[in-house]
Amino acid sequence: MNLLELKNVSKYFGGIKAVNNLSFIVKKGEILSIIGPNGAGKTTVFNLISGFYIPNEGKIFFNSQDITGFKSHKLSRLGIGRTFQNLRLFKNLTVLENVIVAFLSKHEYGIIDSVFRTRKYAEITKKAKESARGFLDFFGLLNKEHFYAGNLPYGEQRKLELARALATEPKILLIDEPAAGMNLTEINDLMETLKKIRNTFDITILLIEHQMELVMNISERIIVMDFGEKIAEGTPKEIKSNPKVIEAYLGAL
Amino acid sequence: MRFFLELRKLIFLALFIYLIIKLVIFSGLPTDYMIQITLYSFIIVLSSLGLNVIYGFTGQFSLGHAAFYGIGAYTSAYLSKVLEIESYYGLIPVIFLAGIFTAFIAYIIGGPILRLKDDFLAIATLGFGILVRVILDNSDRISEVLGGSRGFVGINKITNLELSFFITVFFIIITKNLIDSRFGLFWRAIKNDELAASSIGVNTFIAKLIAFIYGCFLAGIAGGLYAHLYTFLHPSNFDILKSIDFLIIVIIGGMGSISGTIIAGLFWVFFIEGLRIILPSEILEYRWVLIPIILILIMMIRPYGLMVKKEGY
């Protein structure tokens, strides 16, 4: 079943075609990676799917619904979660609060409930804490719940961002370069975490990554982009031996 | 009931403070002027708290807060004059209505301008502040009662200790509850990273609008209390300089700190007005040398404000 589909999507910035006539499908439950040289347009694709950019041409479907032009908060509520290449945590909120915000954006109570601290407020607040602690526990961050997010070491900030995205209960999670700045041990750890996420939460993962070992090991399918276009698509094995991919990465021989 | 149970400590503390003030006034020591600036300091705290919600918690820089304070003041004064209100229980609904009207104006203005960010928002709010000042200067063309550039005269003096103290305490509690709720969390998240907040499902525009409307509502209420304390309104009381007063209080107290705003608001009024009592008249104007120096020192020693370390927002 197709969870996400891009149909002939293009995005221009002035005269530059950041994404050009791109089409692909993400199947429910798979781990699909997008790779490509710097500036290939990968993050732009994420920004298009998560509603930060509106495509100039083409359409995007999620669960067979046309979501082209939807605002990002609405897409989050529909079930599209994401992380960012350059970590965008709420640095002056505690670790626990970072995750609670995500939970509370979907579990609503009104202003009157807040002002008078009604039963509903108390119940949802309690549930939010429990749920958030659950996610922190999953990532081994529970003992740091009262730290400010900005004070966590880099690797844990990455994990917290994943926890925050998962707390929105997404159907698909877009993860942008999770291994950036990590050493080999951390990358192995991350690989396990990503597999665990997919199995535990039963979600689909769309991944942007440069770290080839991680990508080849974890992905079921891979899309290769260069200059805003898709140049190859297939299993890790097929991609490794694709001459176009080798050319894009190593330059024309 | 939960509301009162959870907040009983705060409510008792407020009652205790009220009794002390009442006793001091009863003793006959403070002059009328001292009592007046005490009430005024609560009003300033209330209005500054509104700006702290908008700027300190949500990060939306506003240079037009005094305009909303003025709208509240003029609206309530006009209503109480037309309705011939003389008692404090008649004044409460009038002040509330003035707050609602101010919030309504904030809603109309906030819709378009809250899409702007940072410097652009600052200029837009500044523009709104100037616009209100010009309208108030020419308000006698709308109604002779408003007085235009001559000022609004002959407002009944109704604001008393109970009104200004308990209304301020009430809204401090409401604000605290809002800050602790999901809305407060959204506001703080937006201030940290608006894009990230929208990526996890927060409708950032609506959240900012709620903060703006609520903050201006508090300014409107404060304006209503002010009008019935000083009995005379002039457009120059509500211009950019007044807005900057509120900004200073929020920044000195600490962005996103309720206790900071309370302390800084009281400090600000007692410093500027209180020095009039203490200092001999020949060196009175030197306070405008002293105050800026103190501001500079505070910013150097505690750049995040007096109280921010404690609450840590």
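Values in this document were obtained by computation on a predicted structure and should not be read as measured data.
B:Ala207 does not touch chain A: none of its heavy atoms, backbone or side chain, sits under 4.5 Å away. The contact between B:Ile210 and chain A is made entirely by side chain atoms (from C-beta outward), counting heavy-atom distances below 4.5 Å. With a 4.5 Å cut-off on non-hydrogen atoms, A:Thr168 touches chain B through its side chain but not through its backbone. Contacts between A:Phe52 and chain B at a heavy-atom distance below 4.5 Å involve the side chain alone, from C-beta outward. When heavy atoms are compared at a cutoff of 4.5 Å, A:Glu161 does not approach chain B at all. Interface remark: A:Ile111 contributes backbone and side-chain atoms alike to the contact with chain B (heavy atom separation under 4.5 Å). For chain B, the nearby parts of A:Lys91 are the backbone and the side chain; heavy atoms of each come within less than 4.5 Å.
A:Asn56 and A:Ser10 share no side-chain donor-acceptor pair at under 3.5 Å. A side-chain N or O of A:Arg117 and one of B:Asn177 form a donor-acceptor pair less than 3.5 Å apart. Using modelled atom types, one finds no donor on one side chain facing an acceptor on the other under 3.5 Å when comparing B:Tyr304 with B:Ser257.
Nearest heavy atom pair, residue A:Arg158 against residue A:Phe84, reads NH1-O, 3.2 Å. When all heavy atoms of A:Gly29 and A:Thr204 are compared, the closest pair comes out as N-OG1, 2.8 Å.
Both tests do not hold together for A:Lys120 against A:Tyr109: distance to the six-membered ring centre under 6.0 Å, angle to the ring axis within 45°.
Ring orientation note: the planes of B:Tyr18 and B:Phe166 are tilted relative to one another, at an angle of 30° to 60°.
Residues of residues 93-107 of chain B lying within less than 4.5 angstrom of chain A, judged on heavy atoms, are absent.
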